[in-house]
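Everything numeric in this text was worked out from a predicted model, so none of it was measured. Counting begins at 1 with the first residue of the sequence.
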Amino acid sequence: MLAILSITLPIFAAVAVGYLTVRGGLFKPSDMRLFGSFVLNLALPALLFKAVATRDVSEVFNLTYMVVFLAGALLTITAAFVLLTLLGTSPSRRAVAVMGSSCPNSGFVGYPLMLLTFPELAGQILALNMLVENFVIIPACLVLFELAKPGRERSLPQLITGIAFGVLRRPMVIALILGLIVSLLKLPMPEPLMRTVSIFAASASALALFTIGGALVGLPFKGHRALASLTAAGKLLLHPAMVALALAAALALGMEPLSSELAAAVVLSAAIPMFSIYALFASEMGHEGMASIAQIIATAVSFLTLSALMFVLL
C-alpha cells in the first residue's frame, strides 16, 4: 500500500499546492485559465507529438487497447443515459451528466499518474487515450449536447460535420496527426527541434496538476447536488467498471491480449476524474454549477478510489 501511496500522494499533493496557492492569494483564479491554456495548447500537444513521432506507428495503434477504451466509454454513455432517463432527468442535465461520467482527464491527471506508474509507457498511453477521446468520446457527448438544446435548427449530419471540423482544429489533435505523419513516413527530426519540443513536453505534468487544484477555487457550488454526486460516482466507479467489462469481453472474443501494464492502464485511465474544461462545456447548457460540484467531488474522492483500484490492479 505504501508503494501505491508513493504514486498517488505526489499527484494530489501537486493539486493541493495549486489549490492552496490560489486560495492564499499567491495566484489568482484567472491565472489558472492562462496556465490551463498553456498546457492544452502547447505543453500537451508537444508531449503528444513527441510520444507519437518517436515511436513506430504499430506501437501507437494498439488495437485491443483502443477498442477496450472506446467500448468501455460507449457502455458508460449508454448506461448513464438510460439510468438518467429512467430517473426523469431533463435532456440538458442528462447530457452534462453523461459527459461527466465518460470523459476522463487523461492529459492533466492521467498522464502524471501514468508517468509515475508506468514511466516508459506513459507517452504511448496518453496518445492512445487522446486518439479515442478526441475523435469519438467527446464528439459523441457533444452530439448529445446539441440534441438537448431547444429549437435545434441543424440536422444530425450537419451537427456531426460541425463537431468533426471543431475537433480537427484542436492543437492536441493537430499534434497527434503531425506525429502520426512523421511516424508513418519515418521522417528524420532535427535534434534542435526535438529538444525544443521536449522542453515544452516536460512542463506538462506538474503544471497540469497545479492548474487542476487552482481551478477548483471559486467554482460555483450552487447546482443539483444529487445529480452532481451521481455524475462523480459514474466517473469514478461506473466508467472503470465498464472498461474492465470491455477488457474481459475482448479477451473472451479472442482479441490480442494486452500486457499487464496496458491492461491496468486502460482501467486506471477510465477511473480518473472528468476533464478540466468540463464545467466550461456545461456552461453552454446552463449547468456549470452542477458540473463544478461533480468535478470537486470526483477530484477529492478519486484519491481514495484510485489508490484502492491501483492496490487491486498492480
[Y] reachable from [X] in the ILVMFWY side-chain graph, under 4.5 Å edges:
X      : Y      : result
Val312 : Leu304 : no
Met255 : Leu245 : no
Leu34  : Phe38  : no
Leu268 : Leu9   : yes
Val52  : Val39  : yes

Applying side-chain contact (heavy atoms from CB on, under 4.5 Å), can you list everything that pairs with Tyr19, at least two apart in sequence or on another chain? Arg23, Leu216, Val217
Could you tell me which residues satisfy side-chain contact (heavy atoms from CB on, under 4.5 Å) with Leu26, sequence neighbours excluded, listed by chain and number? Thr21
What's the separation between atom [atom1] in [X] and atom [atom2] in [Y], rounded to the nearest 0.5 Å?
X      : Y      : atom1 : atom2 : value
Leu207 : Leu42  : CG    : CG    : 11.0 Å
Met310 : Ile7   : CE    : CD1   : 3.5 Å
Phe61  : Leu184 : CZ    : CG    : 7.0 Å
Leu83  : Leu238 : CG    : CG    : 8.5 Å
Ile297 : Ser229 : CD1   : OG    : 3.5 Å
Leu236 : Thr305 : CG    : OG1   : 4.5 Å

Check whether any side-chain N or O of [X] sits under 3.5 Å from a backbone N or O of [Y] as a donor-acceptor pair, and report yes or no.
X      : Y      : answer
Lys235 : Pro104 : no
Ser302 : Thr299 : yes
Ser203 : Phe200 : yes

With the side chain counted from C-beta on, respond yes when [X] and [Y] share a heavy-atom pair under 4.5 Å apart, and no when they do not.
X      : Y      : value
Val132 : Tyr65  : no
Glu256 : Leu63  : no
Asp31  : Lys28  : yes
Thr89  : His224 : no
Leu84  : Leu227 : yes
Leu87  : Leu230 : yes
Thr64  : Leu262 : no

Can you name the residues that form a ring-ring contact (aromatic ring centres under 6.0 Å, His included) with [X], not counting sequence neighbours?
X      : result
Phe303 : Phe12
Phe27  : Phe35, Phe210
Phe275 : Phe281

Looking only at non-hydrogen atoms, find the nearest pair between [X] and [Y] and report the distance.
X      : Y      : answer
Met32  : Ala215 : CG-N, 3.7 Å
Leu309 : Ala271 : CD2-CB, 3.5 Å
Ser92  : Met285 : CB-CE, 3.6 Å
Ala282 : Val96  : CB-CG1, 3.7 Å
Ala279 : Ala291 : CA-CB, 3.9 Å
Asn129 : Ser269 : ND2-OG, 3.0 Å

Acceptor/donor pairs from residues 113-126 side chains to any protein atom, 3.5 angstrom cut, sequence neighbours excluded:
residue	atom	partner	partner atom	Å
Thr117	OG1	Leu113	O	2.7
Gln124	NE2	Glu59	O	2.5

Kindly write out the residues that satisfy salt bridge (Lys or Arg N to Asp or Glu O under 4.0 Å) with Arg33, not counting sequence neighbours, or none if the list is empty. none
Apply side chain to side chain contact (heavy atoms under 4.5 Å, CB included) to the pair Met99 and Leu144, showing each step before the final yes or no. CA-CA 9 Å; Met99 172 177 273; Leu144 291 180; over 6 Å; no
Hey, can you pull the donor-acceptor pairs under 3.5 Å for the side chains in residues 66-82, sequence neighbours left out?
residue	atom	partner	partner atom	Å
Thr76	OG1	Gly72	O	2.7
Thr78	OG1	Leu74	O	2.8

By side-chain hydrogen bond (donor to acceptor under 3.5 Å, both in side chains), Asn105 pairs with (sequence neighbours left out) none
For Ser283, all residues meeting side-chain hydrogen bond (donor to acceptor under 3.5 Å, both in side chains), sequence neighbours excluded: none
Please test Met290 against Thr231 for side chain to side chain contact (heavy atoms under 4.5 Å, CB included), starting from the C-alpha separation and ending with a verdict. CA-CA 9 Å; Met290 185 278 285; Thr231 301; 4.2 Å; yes
Could you give the side-chain donor-acceptor pairs of residues 162-183 under 3.5 Å, partners two or more places apart or in another chain?
residue	atom	partner	partner atom	Å
Arg170	NH1	Asn134	OD1	3.1
Ser183	OG	Arg55	O	2.6
Ser183	OG	Val57	N	3.0

So the salt bridge (Lys or Arg N to Asp or Glu O under 4.0 Å) pairs with at least one residue in residues 181-209 (sequence neighbours excluded) are Asp56-Lys186, Glu191-Arg195
